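One structure is given below, encoded as structure tokens.
Letters A, B, ... mirror the listed sequences (proteins, then strands); counts begin at 1. Quick caveat: nothing in here was measured; it's all calculated off a predicted structure. Just so it is clear, the values below take in all heavy atoms, side chains as well, and ignore hydrogens, waters and symmetry mates.
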Amino acid sequence: MQENYQPEILETNIQKNWQEEKKFVVSENSTKENFYCLSMLPYPSGHIHMGHVRNYTIGDVITRYQYMLGKNVLQPMGWDAFGLPAENAALEHKLSPATWTYKNIAEMRKTLKRLGFAIDWSREITTCKPEYYRWEQWLFLRMYEKGLVYKKKSAVNWDPVDQTVLANEQVINGRGWRSDALVERREINQWFLKITNYADELLEYLDKLPGWPEEVRAMQRNWIGRSTGASIDFPLQNSQEKINIFTTRPDTLFGVTYLAISPAHPLARTAAEKNNNLKDFIQKHQNIKSAEADIATLEKVGMPTGLNAIHPLTKEVIPIWVANFVLMEYGSGAVMSVPAHDQRDFEFAKKYSLPIKGVIKLKDNKEWDFSASALTEYGVLYNSNMFSGLSSEEAIPKIISQLEELKLGQKQIHYRLRDWGVSRQRYWGTPIPMLNCPKCGTVPVAEKDLPVLLPENVVLNDPRSPLLSMPSFLETTCPKCGEKATRETDTFDTFMESSWYYARYCCPDQNSAMLDERANYWLPVDQYIGGIEHAILHLLYARFFFKVMRDFGLVKADEPFTNLLTQGMVLKDGSKMSKSKGNTVSPEDMIAKYGADTARLFIIFAAPPEHSLEWSDSGVEGAHRFLKRLWSFAYTQKSLLLEQNEKQISLSEINAEQKNIRREMHKILKQINADMERKQFNTVASAAMKLLNILQELTKDSKNNAYPIQEGFSILLRILSPITPHITQYLWSELKFGPDITITSWPKVDEQALETTAIELMVQINGKLRGKITAPKNVTQETALELALREENITKYVTKETVKKIILVPGRLINIIAPLRN
RNA sequence: GCCCGGGUGGCGAAACAGGUAGACGCAAGGGACUUAAAAUCCCUCGAUCCGUAAGGGUCGUGCCGGUUCGAUUCCGGCCCCGGGCACCA
């Protein structure tokens with residue numbers, strides 16, 4: 001053992017040993033209980049960043065802890081390798097997206113290995129490889145067969161100069177990021193997955209995921225947004241046509257004073273044919289970004305179409321307006337407007353001097369004053385024919401029944417959740433296994449012809465997909481009629497790959513099926529770890545895919561992730577570490593300077609996993625200082641520890657003072673166990689520091705304290721092992737605690753050591769802390785009061801006679817309620 | 001705009017189920033060692049007031065209010081910061 005801590009040599013040697021002995025390669029043939037610990041797979045952007053280090057360190061702490069609890073633990077790793085940045089980099093650097101991606105993966109894999117994670121690298125997945133994405137194409141075809149796939153027109157951002165579709169991210173202030181051209185909205189045919197078929201189950205099962213953070217479940221619940229209401233038809237004046245709307249407030253139906261339709265609504269288009277003003281208006285307002293945030297914050301404007309509808313119950317004539325805030329993608333692209341009882345409609349009506357007709361009174365029968373705002377709560381109906389006088393709750397089903405009788409409406413359940421559009425007009429993605437036959441129309445690729453290979457050796461010269469001009473890819477034959485056909489050139493949304501990768505890790509080498517029985521051995525994932533930014537989209541899509549795979553008989557469970565930990569961001573100087581802000585810290589540099597254990601310890605210690613983590617260079621040095629102290633403790637106590645490890649002194653020989661020390665140490669261990677279970681790892685690191693402080697104190701009399709020093713250090717090394725596996729593994733074997741700390745069992749609390757006869761009680765007077773007393777363990781109120789009244793600082797305020805009430809919280813405090821003496 | 005979080009010393013944080021606010025660490029100040037520096041070790045460290053001191057008082061967990069013997073913790077209202085909003089991943 002060297003006198004100085006030299007992490008680089010020590011860590012790389014240990015990592016070499018782990019690799020050679022295949023220490024973390026796991027199989028399904030184990031008698032141990034299994035545990036699947038998964039961190040979200042990285043996008044291979046070029047370098048591992050601190051967010052990755054944090055994510056995988058948290059995952060590794062959990063993995064190694066589970067190993068020490070005696071389980072068969074799978075921790076895999078892979079690459080979410082398709083995506084937009086590869087195309088951008090390829091354009092810039094004049095190389096193929098594939099070359100760029102594989103180079104990045106090699107670089108990043110090296111860094112992850114240097115961090116010493118207990119990963120089973122034999123199961124590595126790269127999603128841009130055909131052996132992976134072919135099964136995604138296969139699943140898509142199964143979904144197509146089962147009616148879960150359909151095609152519909154949907155809006156995209158179109159760059160008229162670059163002649164290409166832009167991602168939302170590539171639209172800056174309404175202009176293309178490269179061309180600076182004003183972006184247009186275009187409707188194109190795209191593939192959709194019917195996630196809404198699973199809306200109810202996705203919602204219902206949120207209540208069956210106690211291992212998920214409540215905030216994530218709440219976000220998903222709101223995102224799915226199940227609401228009960230009515231679908232209502234408003235017949236058009238002088239026409240056989242009807243406008244269909246959905247409302248959650250049929251009780252306000254008599255207050256409708258206009259209808260609002262989307263600029264993309266077919267009726268708006270029709271009306272515009274004869275109305276140039278309207279045509280201009282529609283033109284102007286259809287080019288907005290479709291992001292919900294943009295729509296919600298934009299100024300609400302509209303224009304009358306000149307068309308009218310007939311109120312389904314009153315037969316009143318209702319004007320139809322085009323409004324920029326109504327989305328075609330949402331429901332039917334039309335809404336009924338009740339300015340008196342909806343705040344947005346209210347503001348719109350004020351702006352355009354549309355009538356505001358009150359139909360709901362407050363529950364106490366007082367009429368609302370409509371001069372400033374709408375009354376949006378439930379109340380009592382008026383101005384509503386036969387329904388006047390009913391409460392909103394009573395009126396809703398009755399109004400719906402009347403609409404049903406008239407065949408102009410019915411009760412309806414509406415979801416905010418929309419079907420998942422999976423087409424992307426990009427090159428670097430999984431080809432959609434569909435083709436167009438001039439005779440047969442849209443035809444799925446035959447299963448035997450999978451995978452549809454994405455040509456990799458492609459240099460990008462302009463932002464348009466090279467697939468569009470590549471006959472070798474485009475030209476094929478129709479599996480139905482054998483005639484010439486062309487391939488679909490769109491690729492899948494990359495969320496497709498990340499929706500099932502966790503299942504493929506179980507059997508990555510299976511080349512005749514998507515999944516096999518090994519999937520059911522490991523799944524569901526016991527612990528999933530990733531950024532909170534994935535709380536909705538990725539996690540909802542993955543849950544959807546899992547349920548689809550279950551319904552296809554590929555997996556048995558209902559949910560993919562039993563426990564979820566959403567880790568916070570890594571910040572520096574108060575904002576997210578990112579290349580664009582120029583505030584990144586390189587993990588490679590940090591490891592080179594301090595070693596992987598320091599990096600891991602700092603990241604675990606600096607904040608609880610769910611919180612954002614503020615970077616601090618001096619904090620890193622603090623973590624390193626602790627490891628140096630740990631090393632030098634082992635170095636200076638080496639002979640004592642070696643001797644004691646051959647069992648020189650036994651527990652029965654220890655004295656009262658050492659018993660107190662053991663009580664303190666086992667109390668700390670008990671807290672550590674609780675913190676490990678609730679995954680508050682920062683306080684586990686704190687506790688380790690506390691333990692080392694205690695041990696260092698004990699060395700002042702190391703001869704007599706050999707027992708607690710050896711026991712305490714053995715506990716310390718083991719509880720630190722998941723966080724800093726290298727230094728602890730070295731010291732563990734060097735000091736002859738045992739051969740291999742990674743599979744040593746987690747330390748157990750000695751309940752006997754915790755026993756005590758005397759406790760400390762805080763003394764409060766009227767809730768204010770005034771002193772403390774030492775009392776017997778099961779002290780009564782009377783005795784506690786008596787003991788308290790022996791304290792000068794207590795008798796200063798109260799006497800026995802003035803005491804009105806005593807509150808004793810066992811083991812904590814006694815609160816004496818008494819009027820204060822003058 | 002909507003949905004979901006968060007706000008505690010100079011800083012990161014802790015306080016398990018409403019019961020000692022600030023554990024552990026960083027920074028800072030003082031000291032030891034050293035020719036010196038680095039490293040290491042020891043001490044102090046929320047604000048403020050009284051006291052030579054020992055010690056004690058008051059205030060203090062974003063702001064305003066409520067419940068309670070007692071609130072960082074529960075309830076109502078507000079302010080600020082962060083995440084997501086369906087083509088960034």
Q) Where does B:A17 fall, syn or anti, if syn means a chi angle no more than 90° from 0? A) syn
Q: In whole angstrom, give me the gap between the P atoms of B:G30 and B:U20.
A: 35 Å
(Q) For a quick check of understanding: with a heavy-atom distance under 4.0 Å over all strands, which category does A:K628 fall into, base, sugar-phosphate or nothing? (A) sugar-phosphate
Q.
Taking the P atom in each of B:G83 and B:U44, what is the distance between them to the nearest angstrom?
A. 41 Å
Q. Reading nucleotides 52-64 of chain B from the 5' end, what letters show protein touch, with B for base, S for backbone sugar-phosphate only, - for no heavy atom under 4.0 Å?
A. ----SSSS-----
**Q.** Partners passing ring-ring contact (aromatic ring centres under 6.0 Å, His included) against A:H666 (at least two apart in sequence or in another chain)
**A.** none
Q. For A:V301, what residues pass the side chain to side chain contact (heavy atoms under 4.5 Å, CB included) criterion, not counting sequence neighbours?
A. A:F281, A:H285, A:E299, A:N324, A:K351, A:Y352
Q: Could you tell me whether the phosphate oxygens of B:A86, OP1 or OP2, come under 4.0 Å of any side-chain nitrogen or oxygen in A:R418?
A: no
Q. How would you list, by chain and number, every residue that makes a side chain to side chain donor-acceptor pair (under 3.5 Å) with A:Q343, sequence neighbours excluded?
A. A:E347
Q. Base, sugar-phosphate, or nothing: which does A:I807 touch, judged by heavy atoms less than 4.0 Å apart?
A. base
Q. Between A:F544 (CZ) and B:A86 (P), how many Å, whole number?
A. 19 Å
(Q) Any donor-acceptor pair under 3.5 Å linking the side-chain atoms of A:Q671 with those of A:D675? (A) yes
Q | Set of side chain to side chain donor-acceptor pair (under 3.5 Å) partners for A:S179, sequence neighbours left out | A | A:D159
Every protein N/O lying under 3.5 Å from an N/O of nucleotides 1-5 of chain B:
from : atom 1 : to     : atom 2 : distance (Å)
B:G1 : N2     : A:E292 : OE2    : 3.4
B:C3 : O3'    : A:N222 : ND2    : 2.7
B:C3 : O2'    : A:N222 : ND2    : 2.8

Q.
Please classify the glycosidic conformation of B:G9 as syn (within 90° of 0) or anti (everything else).
A. syn
Q | Matching residue for A:W420 among A:F495, A:F492, A:Y541, A:F192 - test: ring pair (Phe, Tyr, Trp, His ring centres under 6.0 Å) | A | A:Y541
Q: For B:A28 versus B:G18, give the span between their C1' atoms, rounded off to a whole number of Å.
A: 36 Å
Q | Length of the NZ-C1' vector between A:K579 and B:A89, whole Å | A | 14 Å
Q: Describe the nucleic acid contact of A:Q190 in one word from base, sugar-phosphate, nothing, applying a heavy-atom distance below 4.0 Å.
A: base
Q: Give a yes/no answer on whether the side chain of A:R426 brings an N or O atom under 4.0 Å of OP1 or OP2 in B:C88.
A: no
Q: Please work out if A:F495 contacts a base, only the sugar-phosphate, or nothing of the nucleic acid, heavy-atom cut-off 4.0 Å.
A: base
Q: Taking only the side-chain heavy atoms of A:L537 (C-beta and beyond), determine which of B:C88, B:A86, B:G25 contains the nearest atom.
A: B:A86
Q | Whole-Å gap separating P (B:G84) and CD (A:E169) | A | 12 Å
Q) How close or far is atom P of B:C87 from atom CD1 of A:I295, stated in whole angstroms? A) 12 Å
**Q.** Carboxylate-amine/guanidinium contact A:R221 A:D207, below 4.0 Å
**A.** yes
Q: Quote, to the nearest angstrom, the P distance that separates B:C11 from B:U48.
A: 15 Å
Q: For A:M689, report the nucleic acid contact type (base, sugar-phosphate, nothing); a contact means any heavy atom under 4.0 Å.
A: sugar-phosphate
(Q) Rounded to whole Å, how long is the line connecting atom CG of A:L417 with atom C1' of B:C85? (A) 13 Å
Q) Applying a 3.5 Å limit to both distances, which nucleotide forms a Watson-Crick or G-U wobble pair with B:A14? A) none
Q: Describe the nucleic acid contact of A:Q425 in one word from base, sugar-phosphate, nothing, applying a heavy-atom distance below 4.0 Å.
A: base
Q.
Using the ring pair (Phe, Tyr, Trp, His ring centres under 6.0 Å) definition, which of the options A:Y133, A:Y132, A:F544 pairs with A:W500?
A. A:Y132
Q: Determine, for A:E621 against A:K628, whether the closest basic-nitrogen to carboxylate-oxygen distance falls under 4.0 angstrom.
A: no
(Q) Strictly by salt bridge (Lys or Arg N to Asp or Glu O under 4.0 Å), give each pair with a member in residues 422-431 of chain A just once, sequence neighbours left out. (A) A:R424-A:D493
Q | Any residue meeting ring-ring contact (aromatic ring centres under 6.0 Å, His included) with A:Y5, in chain and number order, not counting sequence neighbours | A | A:H624, A:W631
Q.
Nearest whole Å is fine: how far is B:A27 C1' from A:R625 CZ?
A. 10 Å
(Q) Using the side chain to side chain donor-acceptor pair (under 3.5 Å) criterion, which residues pair with A:H534? Sequence neighbours excluded. (A) none
Q) With A:F681, which residues qualify under ring-ring contact (aromatic ring centres under 6.0 Å, His included), at least two apart? A) none
**Q.** Aromatic ring proximity, centroids under 6.0 angstrom, A:F602 and A:W615
**A.** yes
Can you pull every protein N or O that's under 3.5 Å from an N or O on nucleotides 73-82 of chain B?
none

(Q) Can you identify which nucleotide, out of B:A27, B:C24, B:A86, has its nearest atom closest to the A:K690 side chain? (A) B:C24
**Q.** Nucleotide of B:A86, B:A27, B:C69 approaching A:K805 most closely (side-chain heavy atoms)
**A.** B:C69
Q.
At 4.0 Å (heavy atoms only), tell me whether A:H534 reaches a base, stays on the sugar-phosphate, or touches nothing.
A. base
**Q.** Between B:U20 (C1') and A:E791 (CD): distance, integer Å
**A.** 15 Å
(Q) Counting only heavy atoms not in A:E792 (residues, nucleotides, ligands), do more than 12 fall under 6.0 Å from its CD? (A) no
(Q) In this structure, how many angstroms lie between the C1' atom of B:C85 and the CH2 atom of A:W420, rounded? (A) 17 Å
**Q.** Stepwise side chain to side chain donor-acceptor pair (under 3.5 Å) test for A:W191 and A:E488
**A.** CA-CA 11 Å; A:W191 291 104; A:E488 170 77 73; 2.8 Å; yes
Q: Pick base, sugar-phosphate or nothing for A:R629, based on heavy-atom distances below 4.0 Å to the nucleic acid.
A: sugar-phosphate
Q. Closest to the A:N693 side chain: B:C24, B:C87, B:G84?
A. B:C24
Q: Using the P atoms only, state how far B:C16 lies from B:C74, rounded to an integer number of Å.
A: 12 Å
Q) With rounding to whole Å, what would you report as the distance between B:A71 and B:C64 at their C1' atoms? A) 16 Å
Q. Say you pick atom C1' in B:A86 and the same atom in B:U73; how far apart are they, in whole Å?
A. 37 Å
Q. What distance, rounded to whole Å, do you find between the two P atoms, one in B:U72 and one in B:G62?
A. 9 Å
Q: Would you mind building the protein contact string for nucleotides 8-18 of chain B? One character per nucleotide, 5' to 3', B for base within reach (heavy atoms under 4.0 Å), S for sugar-phosphate only, - for untouched.
A: ----BSSSB--
Q. Base, sugar-phosphate, or nothing: which does A:Q170 touch, judged by heavy atoms less than 4.0 Å apart?
A. nothing
